[in-house]
Participant: 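I'd like to ask some things about the structure below.
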Amino acid sequence: MNKKTILSGIQATGSLTLGNYLGALNNWVEMQEEYDCYYMIADLHTLTIRNNPETLKENTLKLIALYIASGLNPEKNTIFIQSHVPAHTQLSWILNCYTYMGELNRMTQFKDKSSKHADNINSGLFTYPVLMAADILAYNADLVPVGDDQKQHLELTRDIAERFNSLYGETFKIPEPYTKKVGARIMGLQNPTAKMSKSSQDPMDKILLTDSPDEIRKKFKKAVTDSENCVRFDRESKPGVSNLMSIYGIIKNKTMDEIEKQFEGQGYGAFKTAVAEAVIERLEPLQNKYNELLENPDKLMAICNKGAKKAEEKANRVLKDVYKKVGLVIE
Ligand code: ATP
Ligand code: LTN
């Protein structure tokens, strides 16, 4: 039984949003039966912006809890912390030598983050996608489930892998991104033309997975829509309503046509309430499990330690092959 390999990760930059959940985590949970899955906390990537060390530590632990509370079974998946497996940074250095400045200069996330953190445009931010390529290639991942915003990094990963393979012979698998049509880009509630982001400054723009039912109701009630007062899917001219429909559709497993029919003749008030209640219903068990898991941090660490051991075995095999191919002398 040769299962395909999956690898993905999320940065420990703060509470996750509904966008992270619907665009990434929820798909991971669906994939755990069929694939050999490696899910990591991308703590090293988090260092590309300034963090309070204590907060980073807390966020890392919280993120592990959230992975499991979202439905990832630690017995079926390899859950680990990126910095616990040195092969990622070791491979990253080598891949840096096969990545061009011009390629990194084109990355939209780099442009976006450098404008947001103009006082700290460090070289880690610039080479961020190379570490991400190393994360993926060290496991010979077949598929990488991510939101739309990470697709460009995946394309770069493929280019680096192909370049290396053509120089040294078949070494890396060429990974494919895995995104779903609906949910790959959940938009902000206040600004539905930009993606919902953890680091958004406006709390009303994002639903956090840890928000209380009242906060969720309030945020959906205030969500930006339009003046047509008709629940109809049209991303171009009705981005706000279309975004709410996508959220509702994924949670309730309904098509956009079905949602249009369900809310025919009803105004936005009733629709917004239905979306909020659907989200609350989905998040409630997740939040209960999350709070329960956080009461026992040792257990969470034990899961990650076990995960790191398994991850390390796999990644070290690939790293050794790469060392040999480029001519490093290995004992
Ligand atoms: P930050 O604001 O710190 O950059 P982020 O919210 O963009 O964070 P990431 O840690 O960069 O989150 O992303 C984690 C995963 O969630 C990635 O797979 C990313 O593609 C996905 N993701 C992030 N935002 C959204 C969104 N709005 N819709 C769908 N998927 C998303
Ligand atoms: N850059 C990703 C996080 C990330 C990742 C990865 C995702 C780091 N390494 C490897 C998939 C595979 C982000 O979501 N911002």
Side-chain angles (χ1 to χ4, degrees), residues 5-28 31 37-51 55-56 59-60 63 66-67 70 80-83 85 88-89 91-92 95 107-110 112-117 124-125 127-139 141-158 175-189 191-202 205-209 239 243 246-247 250 311 315:
T5 302
I6 283 197
L7 177 126
S8 199
I10 297 182
Q11 300 182 72
T13 37
S15 291
L16 293 201
T17 68
L18 193 61
N20 301 128
Y21 177 72
L22 298 179
L25 259 181
N26 194 34
N27 296 340
W28 300 4
M31 296 171 115
C37 302
Y38 291 79
Y39 293 126
M40 57 166 209
I41 312 291
D43 59 343
L44 294 170
H45 278 108
T46 312
L47 298 177
T48 54
I49 56 165
R50 289 282 172 265
N51 301 277
T55 314
L56 174 56
N59 283 341
T60 302
L63 198 47
L66 216 45
Y67 278 12
S70 299
F80 66 102
I81 298 175
Q82 183 187 32
S83 63
V85 183
H88 293 231
T89 33
L91 181 59
S92 170
L95 298 184
M107 296 294 118
T108 51
Q109 183 176 299
F110 172 67
D112 180 47
K113 297 261 160 175
S114 11
S115 68
K116 280 188 188 146
H117 305 276
L125 198 61
T127 58
Y128 175 117
V130 185
L131 177 58
M132 180 162 162
D135 297 335
I136 297 165
L137 299 178
Y139 295 85
D142 296 277
L143 279 183
V144 183
V146 282
D148 255 359
D149 60 313
Q150 295 300 314
K151 271 196 175 163
Q152 196 187 28
H153 289 162
L154 246 296
E155 270 156 32
L156 177 66
T157 302
R158 291 164 59 88
E176 299 277 348
Y178 177 91
T179 50
K180 288 224 169 132
K181 248 197 183 149
V182 182
R185 186 173 288 265
I186 298 295
M187 311 309 267
L189 297 187
N191 179 6
T193 53
K195 76 160 192 162
M196 185 183 286
S197 170
K198 292 195 210 101
S199 54
S200 163
Q201 296 299 317
D202 178 1
D205 198 49
K206 54 188 178 184
I207 300 282
L208 299 180
L209 298 187
N243 188 40
S246 304
I247 294 172
I250 305 171

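By convention here, the first residue in the shown sequence is residue 1. Read the numbers this way: they start at 1 and go in the same order the structure lists the ligands and their atoms.
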Participant: Which ligand 1 atoms does Ile10 reach within 4.0 Å, using its non-hydrogen atoms?
Facilitator: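 Near Ile10, meaning under 4.0 Å from one of its heavy atoms, ligand 1 has 10 (O), 14 (C).
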Participant: Kindly identify the option in His153, Lys198, Gln150 whose heavy atom sits closest to atom 13 (C) of ligand 2.
Facilitator: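 Among His153, Lys198, Gln150, the closest heavy atom to atom 13 (C) of ligand 2 belongs to Gln150.
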Participant: Quick one: does Ser8 get an N or O within less than 3.5 Å of an N or O on ligand 2?
Facilitator: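 No, there is no polar N/O contact under 3.5 Å.
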Participant: Non-hydrogen atoms of Met40 versus ligand 2: any pair closer than 4.0 Å?
Facilitator: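 For ligand 2, residue contact (heavy atoms, under 4.0 Å) with Met40 is present.
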Participant: Would you check whether Gln82 has a nitrogen or oxygen atom less than 3.5 angstrom from a nitrogen or oxygen atom of ligand 2?
Facilitator: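 Such a contact does not occur with ligand 2.
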Participant: As a check for students: among Gln150, Lys198, Lys113, identify the option with a heavy atom nearest to atom 4 (O) of ligand 1.
Facilitator: Lys113
Participant: Should you measure from each heavy atom of Gly23, which atoms of ligand 1 turn up under 4.0 Å away?
Facilitator: 29 (C), 30 (N)
Participant: If you measure from each non-hydrogen atom of Ala184 to ligand 1, which part falls under 4.0 Å: side chain, backbone, both or neither?
Facilitator: backbone
Participant: With respect to Ser197, determine whether any N or O atom, backbone or side chain, lies less than 3.5 Å from an N or O atom of ligand 1.
Facilitator: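 Ser197 vs ligand 1: N/O contact under 3.5 Å present.
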Participant: Which bit of Arg185 gets closer than 4.0 Å to ligand 1, counting heavy atoms only: side chain, backbone, both or neither?
Facilitator: backbone
Participant: Which label fits Tyr39 and Trp28: parallel for a plane angle under 30°, tilted from 30 to 60°, or perpendicular past 60°?
Facilitator: parallel
Participant: Leu7 heavy atoms, cut-off 4.0 Å: which ligand 2 atoms fall inside?
Facilitator: 10 (C), 12 (C)
Participant: Tell me the nearest of Val146, Val144, Asp149 to atom 19 (C) of ligand 1, using heavy-atom distances.
Facilitator: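 Minimum heavy-atom distance to atom 19 (C) of ligand 1 goes to Asp149.
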Participant: Is the shortest N/O to N/O distance between Gly147 and ligand 1 below 3.5 Å?
Facilitator: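 N/O-N/O distance below 3.5 Å exists for this pair.
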Participant: Look only at interatomic distance and state if Gly19 has a nitrogen or oxygen under 3.5 Å from any nitrogen or oxygen of ligand 1.
Facilitator: yes
Participant: Measure Ile136 to ligand 2 on non-hydrogen atoms and call it side chain, backbone, both or neither using the 4.0 Å cut-off.
Facilitator: side chain
Participant: Test your reading of the structure: does Ala24 have an N or O sitting under 3.5 Å from an N or O of ligand 1?
Facilitator: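 Between Ala24 and ligand 1, no N or O pair is found under 3.5 Å apart.
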Participant: Counting both backbone and side chain atoms, is some N or O of Ser200 under 3.5 Å from an N or O of ligand 1?
Facilitator: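 No; every N/O pair is 3.5 Å or more apart.
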Participant: Please identify which atoms of ligand 1 are closer than 4.0 Å to at least one heavy atom of Thr13.
Facilitator: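 In order of number, 3 (O).
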Participant: Any N or O of Ile186 that comes nearer than 3.5 Å to an N or O of ligand 1?
Facilitator: yes
Participant: Between Lys206 and Thr17, do the side chains contain a donor N or O and an acceptor N or O under 3.5 Å apart?
Facilitator: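 Side chains of Thr17 and Lys206: no pair found under 3.5 Å.
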Participant: Where does Val146 meet ligand 2, judged by heavy-atom distances below 4.0 Å: at the side chain, the backbone, both, or neither?
Facilitator: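 Within the 4.0 Å criterion, Val146 contacts ligand 2 through side-chain atoms alone.
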Participant: Test your reading of the structure: does Asp148 have an N or O sitting under 3.5 Å from an N or O of ligand 1?
Facilitator: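 So ligand 1 has no N or O lying under 3.5 Å from an N or O of Asp148.
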Participant: Using a 4.0 Å cut-off to any heavy atom of His45, which atoms of ligand 2 qualify?
Facilitator: 8 (C), 9 (N)
Participant: For atom 11 (O) of ligand 1, find the nearest protein heavy atom and state the residue, atom name and distance (0.1 Å precision).
Facilitator: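 The closest heavy atom on the protein side is Gln11 NE2, 3.7 Å.
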Participant: Do Thr48 and Lys113 make a side-chain contact, defined as non-hydrogen atoms from C-beta onward lying under 4.5 Å apart?
Facilitator: no
Participant: Quick one: do the Gln82 and Asp135 side chains pair a donor with an acceptor below 3.5 Å?
Facilitator: yes
Participant: May I ask which of Lys195, Lys116, Gln109, Met196 has a heavy atom nearer to atom 5 (P) of ligand 1 than the others do?
Facilitator: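 Considering heavy atoms of Lys195, Lys116, Gln109, Met196, the nearest to atom 5 (P) of ligand 1 sits in Lys195.
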Participant: Yes or no on ring pair (Phe, Tyr, Trp, His ring centres under 6.0 Å) for His153 and Phe110, after CA distance, side-chain angles and deciding distance?
Facilitator: CA-CA 10 Å; His153 289 162; Phe110 172 67; over 10 Å; no
